[in-house]
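Keep in mind that the numbers below use all heavy atoms, side chains included, and drop hydrogens, waters and symmetry copies. In listed order, ligands and their atoms are each counted from 1.
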Amino acid sequence: MNLKTVVIGSGLSSLSFVDKFLEKNDSIDLISPDFEFLNKEEFFPNKHIYNDLPHQIYSYMDKINHYFHFNKISVDKNAKVLGSLEFGGLSNYWGCQMDQNFIDDLIGYNKKSKNEIINSFFEILKKFKLLGSFSHKKRKYENDYKVDSFFEKLLKKKFKDLVTIKPMLAYSNNTKLIPKNYYEKFLKKRKIKIHNYFVERIIYENNGVILKCRNQSELKTFYAKKVILGCGTLATTKLLMEFLKIKEEVRIKHHPRLVSVFFSKFKIKNIFTSASSQLHLRSKKKSNSFVVDFRSGNKTIIESATKLKKYLIPFKIILSLFKNFIIFSNILLDSNHSNLFMKMQTNGKINIYSKPKNTTDVLKKIHKKIFNILRNEKMILPLSKNFFPGYGNDFHYFGTLTNNKKKKLSINQNCQLKGYKNIYVIDGSVFDFKVNKYPLGVIMANARRIAKKINK
Ligand SMILES: Cc1cc2nc3c(=O)[nH]c(=O)nc-3n(C[C@H](O)[C@H](O)[C@H](O)COP(=O)(O)OP(=O)(O)OC[C@H]3O[C@@H](n4cnc5c(N)ncnc54)[C@H](O)[C@@H]3O)c2cc1C
């Protein structure tokens with residue numbers, strides 16, 4: 001089948017691209033697997049990945065298996081990565097918070113590109129009427145929200161080396177920005193042809209791109225003039241490693257995290273229906289920065305906690321009764337602490353693994369610091385717990401491609417793959433998020449920016 005411009009993937013990066021692209025074009029083709037249509041088969045189980053999954057993902061094991069099977073990716077016991085799951089990918093399950101602190105993170109992008117990304121981010125805030133405030137030079141956006149008095153108190157405090165900040169939240173009138181909602185509200189009536197396939201291989205021939213695809217045992221070949229890769233960092237990188245015959249190890253950037261639990265002296269109101277955080281506490285330092293996000297306990301979190309830690313099951317009723325006194329937080333480290341790698345194996349599969357490292361020491365030190373701050377402010381009881389869910393369980397994967405022209409896996413300012421003007425990359429692969437610990441806003445903004453460029 002001959003196609004003009006093809007988007008691969010249906011996560012928020014792809015949909016953000018498609019949305020802008022269709023302002024100047026009549027139709028677009030999108031290749032992305034929807035696992036509901038695939039027959040169930042027995043695949044190799046990456047069982048260890050499931051142990052620490054959040055509650056909302058727990059029932060999708062088959063889909064996760066399909067993802068790894070069809071993408072021919074294996075995961076070592078020491079890595080806890082989660083592939084994209086189905087139509088919409090990881091974006092279906094994301095926690096709804098965005099970071100407005102990303103300007104310093106646009107490493108490798110020139111002033112013009114940076115400005116374009118900031119403008120597109122600004123347009124996204126307005127389009128979806130996201131909750132929160134953003135201000136950068138002349139661009140100001142305000143759609144503020146109230147947080148519980150517990151967090152309000154923290155928000156007003158001045159700390160020597162920390163700042164408190166409210167995250168941008170991907171809600172509009174309480175609608176969560178997930179692919180399904182994006183599609184239903186903004187894209188359904190547009191001309192998008194969805195092809196239910198996995199892209200298995202990319203081949204370049206006569207200045208065009210051949211996409212070898214599969215749905216279960218059915219094989220299909222598409223010929224495309226232009227290809228936009230938005231299938232998430234893991235799948236995109238894997239496809240490109242095969243395409244460019246990269247045998248060396250590739251480092252996947254991510255944000256190692258520690259799950260922390262504190263016990264409040266006061267009841268905390270759940271402002272939002274989902275489990276998104278009400279407040280971020282971040283280090284002022286730009287190098288080795290971290291973010292701690294806070295939310296009070298709710299049903300989803302208690303479910304996850306008891307699934308994760310079986311010894312908590314007898315306490316489930318008590319935990320549910322006191323859920324509004326429990327503060328859950330993630331401590332996220334900057335990408336310098338990344339510890340995930342991809343490498344081509346002799347059997348043709350790509351393996352993902354991590355190496356021995358003591359990142360937990362760094363994370364636990366930060367946990368202790370936060371505990372002391374909250375104790376000094378007399379906000380919590382002298383009790384806390386923390387848990388390291390493993391490398392990759394932060395679900396933020398990015399940074400495998402750079403603007404460094406010397407590297408094989410590199411892109412130019414327009415996110416075109418080095419040497420291939422008609423292959424674009426629009427997912428997290430093309431950024432390194434050090435200061436920004438919630439990448440999706442920038443990923444969506446960049447995808448929108450690339451669509452504008454192609455539209456010109
Ligand atoms: C529980 C959870 C909470 C999160 N919380 C946050 C948060 O609060 N803030 C934040 O910024 N980020 C968060 N994230 C991360 C965020 O979801 C990702 O950064 C984001 O989804 C990346 O979007 P994407 O469109 O690039 O990729 P994905 O959402 O992964 O989409 C990839 C798409 O490609 C498709 N695909 C995969 N392989 C192939 C193939 N071979 N051929 C064709 N199609 C393919 C998939 O089906 C999918 O449609 C969270 C993630 C999870 C899981």
Side-chain angles (χ1 to χ4, degrees), residues 6-18 30-35 38 52-58 60 63-64 66-73 81-99 102 167-170 176-180 182-183 194-202 211-215 222 227-239 242 254-255 257 274-277 280 291 293 295 300 304 330 332 389 392-398 425-431 433 436-444 446-447:
V6 179
V7 176
I8 306 178
S10 54
L12 285 176
S13 63
S14 300
L15 299 188
S16 180
F17 175 91
V18 166
L30 190 148
I31 306 176
S32 187
D34 181 341
F35 296 82
L38 301 174
D52 306 320
L53 282 183
H55 173 64
Q56 70 267 39
I57 299 173
Y58 215 84
Y60 294 95
K63 294 178 176 184
I64 301 170
H66 276 101
Y67 170 87
F68 286 114
H69 176 80
F70 281 110
N71 273 321
K72 297 195 180 69
I73 297 175
V81 297
L82 183 64
S84 309
L85 305 178
E86 80 260 67
F87 183 82
L90 282 185
S91 320
N92 270 329
Y93 306 90
W94 75 294
C96 278
Q97 42 191 316
M98 289 183 179
D99 208 324
F102 60 83
M168 300 289 320
L169 297 178
K176 212 169 157 182
L177 174 59
I178 55 168
K180 184 171 172 281
Y182 194 155
Y183 184 75
I194 299 173
H195 307 273
N196 181 19
Y197 292 95
F198 260 100
V199 176
E200 278 195 330
R201 211 147 48 94
I202 303 175
L211 299 168
K212 294 277 181 193
C213 300
R214 177 188 289 275
N215 176 342
F222 295 93
V227 168
I228 321 294
L229 282 165
C231 39
T233 300
L234 303 185
T236 290
T237 310
K238 175 252 165 188
L239 284 169
E242 283 169 353
H254 67 119
H255 297 133
R257 73 162 167 156
S274 91
S276 69
S277 123
H280 288 175
V291 164
D293 63 24
R295 71 212 77 203
T300 310
S304 289
N330 287 303
L332 295 174
N393 189 282
D394 44 282
F395 313 131
H396 297 176
Y397 314 122
F398 49 87
V425 183
I426 55 163
D427 52 38
S429 326
V430 296
F431 289 107
F433 298 107
N436 176 349
K437 305 297 183 300
Y438 293 93
L440 191 64
V442 180
I443 296 175
M444 283 179 76
N446 188 52

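With sequence neighbours left out, the side chain to side chain donor-acceptor pair (under 3.5 Å) criterion links S91 to no other residue. Listed by chain and number, the residues in a side chain to side chain donor-acceptor pair (under 3.5 Å) with T233 amount to none (sequence neighbours excluded).
Not one N or O of I443 is nearer than 3.5 Å to an N or O of ligand 1, by distance alone. No N or O atom of G441 sits closer than 3.5 Å to an N or O atom of ligand 1. No N or O atom of F87 sits closer than 3.5 Å to an N or O atom of ligand 1. By the 3.5 Å distance cut-off applied to N or O atoms, Y197 is not counted among the residues near ligand 1. Ligand 1 has no N or O atom lying under 3.5 Å from any N or O atom of S14, backbone or side chain. Geometrically, ligand 1 and Q97 share a nitrogen or oxygen pair separated by less than 3.5 Å. Ligand 1 has no nitrogen or oxygen under 3.5 angstrom from a nitrogen or oxygen of D427. No N or O atom of L82 sits closer than 3.5 Å to an N or O atom of ligand 1.
Listed by number with element, the atoms of ligand 1 under 4.0 angstrom from any heavy atom of L12 are 25 (O). Every atom of ligand 1 with a heavy atom of I8 under 4.0 Å away is listed here by number and element: 42 (N), 43 (C), 44 (N). Contact atoms of ligand 1 toward A235: 38 (N) (distance under 4.0 Å to a heavy atom of the residue). For ligand 1, the atoms sitting less than 4.0 Å from at least one non-hydrogen atom of S32 are 35 (C), 44 (N), 47 (O), 49 (O), numbered in the order shown with element in parentheses. For ligand 1, the atoms closer than 4.0 angstrom to any heavy atom of C96 are 8 (O). Near H396, the atoms of ligand 1 lying under 4.0 angstrom from a non-hydrogen atom of the residue are 6 (C), 12 (N), 13 (C), 14 (N), 15 (C). Listed by atom number, the atoms of ligand 1 under 4.0 Å from I31 heavy atoms are 43 (C), 44 (N). With ligand atoms numbered from 1 in the order given, ligand 1 contributes 32 (C), 33 (C), 34 (O) to contacts under 4.0 Å with heavy atoms of G230.
Scanning both residues, Y197 and I31, for their nearest heavy atoms gives O-CG2, 3.4 Å. In this structure, Y67 and A235 approach most closely via the heavy-atom pair OH-N, 3.5 Å.
Side-chain atoms of S32 never come within 3.5 Å of backbone atoms of I8 as a donor-acceptor pair (strictly under, hydrogens ignored). Proximity of a side-chain donor or acceptor of H396 to a complementary backbone N or O of G428 within less than 3.5 Å is not detected.
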Show your reasoning for whether side-chain hydrogen bond (donor to acceptor under 3.5 Å, both in side chains) applies to D394 and H254. CA-CA 7 Å; D394 44 282; H254 67 119; 2.9 Å; yes
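A heavy-atom distance below 4.5 Å is not found between the side chains of F398 and V442. A heavy-atom distance below 4.5 Å is not found between the side chains of R257 and V291.
Applying the side-chain contact (heavy atoms from CB on, under 4.5 Å) test between Y397 and each of D427, L82, T236 identifies L82 as the sole match.
For the ligand labelled ligand 1, residue F70 lies outside the 4.0 Å heavy-atom shell. Not a single heavy atom of M98 sits closer than 4.0 Å to an atom of ligand 1.
Environment of NZ in K176: crowded, with over 12 heavy atoms of neighbouring residues, nucleotides or ligands closer than 6.0 Å.
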